[in-house]
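Below, all heavy atoms of this structure are taken into account, side chains as well, without hydrogens, waters or symmetry copies. As the structure lists them, so they are numbered: ligands from 1, and atoms in each ligand from 1.
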Amino acid sequence: MLLLATSLLLLLLLLGPPGARGGGGGETPRPLQNVTLAIILPQNNTAYPWAWPRIGPAVERAVRAVNADPSLLPHHHLQYFFRGSQNGDGVCSETMAPLMAVDLKMLHDPWAFIGPGCSYTASPVGLFTAHWDVPLVTAGAPAVSFDKSIYHSVTNTGPTHKKLGRFARRVCARFRWLEQVLLLFHDQKVDDRPCYFAMEGIFEELGKANITRVDRVFNEKLLPVNYSDIIPDIQQTGRVLVFLSISSPPHDTVF
Ligand SMILES: *[C@@H]1O[C@H](CO)[C@@H](O)[C@H](O)[C@H]1NC(C)=O
Ligand SMILES: *[C@@H]1O[C@H](CO)[C@@H](O)[C@H](O)[C@H]1NC(C)=O
Ligand SMILES: *[C@@H]1O[C@H](CO)[C@@H](O)[C@H](O)[C@H]1NC(C)=O
Ligand SMILES: *[C@@H]1O[C@H](CO)[C@@H](O)[C@H](O)[C@H]1NC(C)=O
């Protein structure tokens, strides 16, 4: 929570108040200028680490802490407006999120967006915020496709899959595992595809080191995975195995 408060404050200090501060003097108390944040996150699906029930209390507390101390943002009042990014099925929706972003922009003209977190929803919103030149801060949006040349408004405060890939590359370099890395991962091709995007980061970075890679997909939700089928494939195609699955514990990575 303290970290979030500090990050928010840092963000606001970086953004800086627009316009001149004037001479001060204190003769007539100026009305507080609003600093408005627009938040787009899943409203109640706590399967997402960045769902509002998890993030909301921290934002509330950070906003309260900043507003309670007038020396932090003199003459300003911090406020936020929230919109949900879920569709009727409760999953992150790349249709809902950009619609909500446009609503928030039109209604409140925010200084910055917080979220979306899912990669598929952050992608269209990130294009809008780049176009509007408004910062988008997210602990999610980890996919490698959030290239800074296009998504220059996006700031990731959480770990990204590019960094995961660099870690995998360092591990491979350290042990001189340079050939036949088998990338085996769960993918349903629905929702936010966490294993697919995580594996993409590893795939890309290992490729940069010219490490040979083979990828295999399985779908744990469709039918129980028959490990007797998979193990001979691992033996034949991989010298090193990177395994990503959604089975408990969630999103585990096994080298
Ligand atoms: C700040 O925002 C509130 C709505 O949240 C609005 O009522 C108020 O007029 C705004 N203040 C200024 C100075 O724009
Ligand atoms: C989320 O909210 C919707 C509608 O408000 C409700 O139907 C659904 O059951 C809720 N889901 C969870 C996980 O609480
Ligand atoms: C990968 O291979 C290409 C072409 O053979 C070579 O130009 C490049 O330097 C290699 N990169 C690494 C990191 O070994
Ligand atoms: C799993 O695959 C093995 C080898 O192909 C096969 O013999 C076995 O019957 C399969 N098990 C199930 C539960 O389908």
Side-chain angles (χ1 to χ4, degrees), residues 8 12 15-22 24 26 28-57 59-60 62-64 66-68 70 72-93 95-97 99-100 103-118 121 134 140 144 162-163 165-181 190-192 194 201-214 221 239-240 246 250:
L8 273 181
L12 295 165
L15 291 171
R21 277 175 176 272
T28 45
R30 279 181 289 160
L32 296 182
Q33 194 192 348
N34 287 324
V35 175
T36 304
L37 302 175
I39 304 180
I40 305 177
L41 291 170
Q43 57 267 39
N44 69 354
N45 187 347
T46 48
Y48 300 110
W50 40 78
W52 185 238
R54 293 183 206 283
I55 306 300
V59 172
E60 276 288 348
V63 166
R64 230 184 304 125
V66 170
N67 285 334
L72 291 178
L73 278 180
H75 313 301
H76 289 78
H77 175 79
L78 185 57
Q79 63 178 357
Y80 71 85
F81 295 95
F82 174 85
R83 287 285 190 285
S85 60
Q86 291 173 206
N87 64 12
D89 296 328
V91 298
C92 276
S93 158
T95 308
M96 287 301 286
L99 293 177
M100 295 301 114
D103 277 359
L104 286 164
K105 170 73 175 147
M106 306 278 284
L107 286 171
H108 305 298
D109 198 19
W111 287 37
F113 280 81
I114 296 183
C118 297
T121 54
V134 176
V144 287
K162 192 187 185 84
K163 287 190 178 149
R166 285 185 185 155
F167 169 69
R169 188 171 155 181
R170 288 290 285 271
V171 170
C172 288
R174 171 74 179 77
F175 295 103
R176 301 199 49 77
W177 294 338
L178 302 176
E179 283 171 41
Q180 292 300 104
V181 176
V190 295
D191 199 2
D192 210 43
I202 297 173
F203 184 92
E204 296 275 316
E205 286 296 321
L206 296 187
K208 286 182 193 166
N210 290 341
I211 294 171
T212 54
R213 303 142 298 165
V214 184
K221 290 270 174 78
R239 306 310 308 147
V240 179
I246 53 165

Original post:
So, E179 versus T212: side-chain donor-acceptor pair below 3.5 Å or not?
Top reply: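 The criterion, which ignores hydrogens and geometry beyond distance, is not satisfied for T212 and E179.
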Original post:
Judging by distance only, is a nitrogen or oxygen of N45 under 3.5 angstrom from one on ligand 2?
Top reply: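 Not met; the criterion fails.
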Original post:
Does the N67 side chain pair with the main chain of H77, one donor and one acceptor, at a distance under 3.5 Å?
Top reply: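 Absent.
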Subject >> For L32, the ligand 1 atoms whose distance to one of its heavy atoms is below 4.0 Å >> reply: 13 (C)
Original post:
Hey, what do you get for CG (D109) to OG1 (T36), rounding to the nearest 0.5 Å?
Top reply: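 D109 atom CG to T36 atom OG1 measures 8.0 Å (nearest 0.5 Å).
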**OP:** Output the distance between atom CG (L41) and atom CE (M100), rounded to the nearest 0.5 Å.
**Re:**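 Going from the CG atom of L41 to the CE atom of M100 covers 13.5 Å.
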Subject >> Heavy-atom side-chain contact between L104 and F113 under 4.5 Å >> reply: yes
Check each N or O atom of ligand 3 against all protein N or O atoms and list the pairs under 3.5 Å, with atom names and distances to 0.1 Å, one per line.
from: ligand 3; atom 1: 2 (O); to: N210; atom 2: OD1; distance (Å): 3.4
from: ligand 3; atom 1: 2 (O); to: N210; atom 2: ND2; distance (Å): 2.3
from: ligand 3; atom 1: 11 (N); to: N210; atom 2: ND2; distance (Å): 2.9
from: ligand 3; atom 1: 14 (O); to: N210; atom 2: ND2; distance (Å): 3.3

Kindly list each side-chain donor-acceptor pair under 3.5 angstrom involving residues 50-57, sequence neighbours excluded, with atom names and distances?
from: R54; atom 1: NE; to: Y48; atom 2: O; distance (Å): 3.3
from: R54; atom 1: NH2; to: T46; atom 2: O; distance (Å): 2.4

**OP:** With heavy atoms under 4.0 Å as the rule, classify the contact between Q79 and ligand 1 as side chain, backbone, both or neither.
**Re:** side chain
**OP:** Indicate the ring-plane relationship of W111 and H76, choosing parallel, tilted or perpendicular according to the 30° and 60° boundaries.
**Re:** perpendicular
